[in-house]
Amino acid sequence: MANHSDRLNAINVFPVADGDTGSNLYLTVRAGHDAVSELQTEDLGGFLEVAARAAMESARGNSGTLLAVFLSGLSEPLRGQERLTAPLLALGLERAKVRSWSALSEPVEGTMLSVINAAALAATTNLTHLKQDPDSKAAVDTLLTQISQAGKIAVHGTQNELPSLSEAGVVDAGAVGMLLMIDELRAAVRGTEADLHGYDAFHGYGVQAPRVHLNAEGDEGVEVMCTITLDALKAATLRGQLDSVGDSVILSPVNEVSEEVYRWRIHVHVPDSEQALELIRAQGDPVNVSVTDLCHHDAS
């Protein structure tokens with residue numbers, strides 16, 4: 001992700017042309033990586049859950065937050081399992097899709113969601129046609145190959161799904177980032193380096209391609225992110241309030257604190273930060289609060 005962050009930043013025009021999708025994805029997954037770098041466990045789902053929770057707490061931007069939600073969903077069917085199998089992978093991707101869509105107030109195709117959808121569908125439909133033992137490593141490899149192919153088609157398609165991408169002549173940066181995760185997983189299963197040469201075929205993604213976000217019109221306003229402990233009713237109320245004053249609203253549970261009470265990661269774009277923070281503080285005490293100007297073009 002670090003190696004690709006510069007190109008991902010360069011094609012970042014949706015939902016805001018602020019040129020930081022690559023940096024946000026890298027910093028988010030780096031937080032997850034650091035959390036498990038010395039963790040010793042045979043529980044595959046538990047391992048991934050720790051990484052996902054750390055990524056969620058330190059998530060940056062729309063893309064980072066959604067990626068953390070994806071990882072959290074992926075971990076759920078894997079809890080208590082010691083090895084990845086094709087059926088578990090299909091279950092994990094389906095759960096990750098449901099979690100990702102439910103976290104967003106206004107889910108939009110032509111984004112990371114398109115790749116997540118394609119991956120989950122490819123896994124489910126191809127699972128029944130596997131010629132190998134479903135629990136074998138070869139079956140995981142085959143399924144990931146089919147998932148990757150579906151993901152690449154979805155990435156190419158993003159350019160035609162959103163006007164801002166069509167006008168800029170690029171594919172969606174977050175969608176490419178999600179495909180990177182899939183291709184790196186396949187490489188890890190194989191014990192090889194990931195084959196990412198085909199990425200140059202994505203519109204705007206070549207090394208010599210211009211940094212299109214520099215010519216796009218940046219949005220006014222700010223991005224507000226924080227973590228807060230709420231019950232489900234207060235979280236639903238807060239989502240509705242944030243929807244009324246801003247957009248790009250993401251609310252996702254990080255972990256359960258007690259019965260019906262969760263830590264939630266919140267993300268919203270608003271004209272004025274205090275407007276959002278007042279609504280948030282009325283429901284609880286936010287921590288890890290960050291406010292970022294949406295007009296900037298420098299990755300941060």
Smallest heavy-atom separation, Ala119 atom then Leu93 atom, equals O-CD1, 3.9 Å

Would one find more than 12 heavy atoms of other residues, nucleotides or ligands at under 6.0 Å from atom CD of Glu256? yes

Are more than 12 heavy atoms, taken from residues, nucleotides or ligands other than Arg190, located less than 6.0 Å from that residue's CZ atom? yes

Search all heavy atoms of Val245 against all heavy atoms of Val270 and return the closest pair with its distance. O-CG1, 3.9 Å

What pair of heavy atoms forms the shortest contact from Thr21 to Ala173, and how long is it? CG2-CB, 3.7 Å

So which of Leu144, Val140, Ile147 actually passes side chain to side chain contact (heavy atoms under 4.5 Å, CB included) with Leu185? Leu144

Does Asn9 reach the main-chain N or O of Ser5 with its side chain, forming a donor-acceptor pair under 3.5 Å? yes

Salt bridge or not for Asp195 and Arg186, using N-O below 4.0 Å? no

Are the side chains of His129 and Thr142 in touch, meaning some heavy atoms are under 4.5 Å apart? no

Hey, are Lys234 and Glu260 close enough for a salt bridge, meaning a charged N less than 4.0 Å from a carboxylate O? no

Closer than 3.5 angstrom, by distance alone: can the side chain of Ser148 be matched with the main-chain N or O of Thr145 as a donor-acceptor pair? no

Would you find a donor on one side and an acceptor on the other, under 3.5 Å apart, between the side chain of Arg265 and the backbone of Ala59? yes

Short side-chain to backbone donor-acceptor contact, Arg83 and Asp135, under 3.5 Å: yes

Check this for me: does any side-chain nitrogen of one of Asp243 and Arg239 sit under 4.0 Å from a carboxylate oxygen of the other? no

Start with the C-alpha distance between Arg60 and Glu223, add both sets of side-chain angles, then the distance that settles salt bridge (Lys or Arg N to Asp or Glu O under 4.0 Å), and finish with yes or no. CA-CA 10 Å; Arg60 305 289 189 97; Glu223 173 185 76; over 6 Å; no

To check you understand the geometry: which heavy-atom pair defines the closest contact between Ser100 and Ile116, and what is its length? OG-CD1, 3.7 Å

Without swapping roles, check the side chain of Ser72 against the backbone of Ala68 for a donor-acceptor pair under 3.5 Å. no

Between Arg53 and Glu49, is there a side-chain N and carboxylate O pair less than 4.0 Å apart? yes

Does any N or O in the side chain of Trp264 come within less than 3.5 Å of the main-chain N or O of Leu230, such that one atom is a donor and the other an acceptor? yes

Grab the two heavy atoms, one from Val268 and one from Asp247, that are nearest each other, plus how far apart they are. CG2-O, 3.6 Å

Give, for atom CD of Glu109 and atom CG of Asn117, the distance between the pair rounded to the nearest 0.5 Å. 5.0 Å

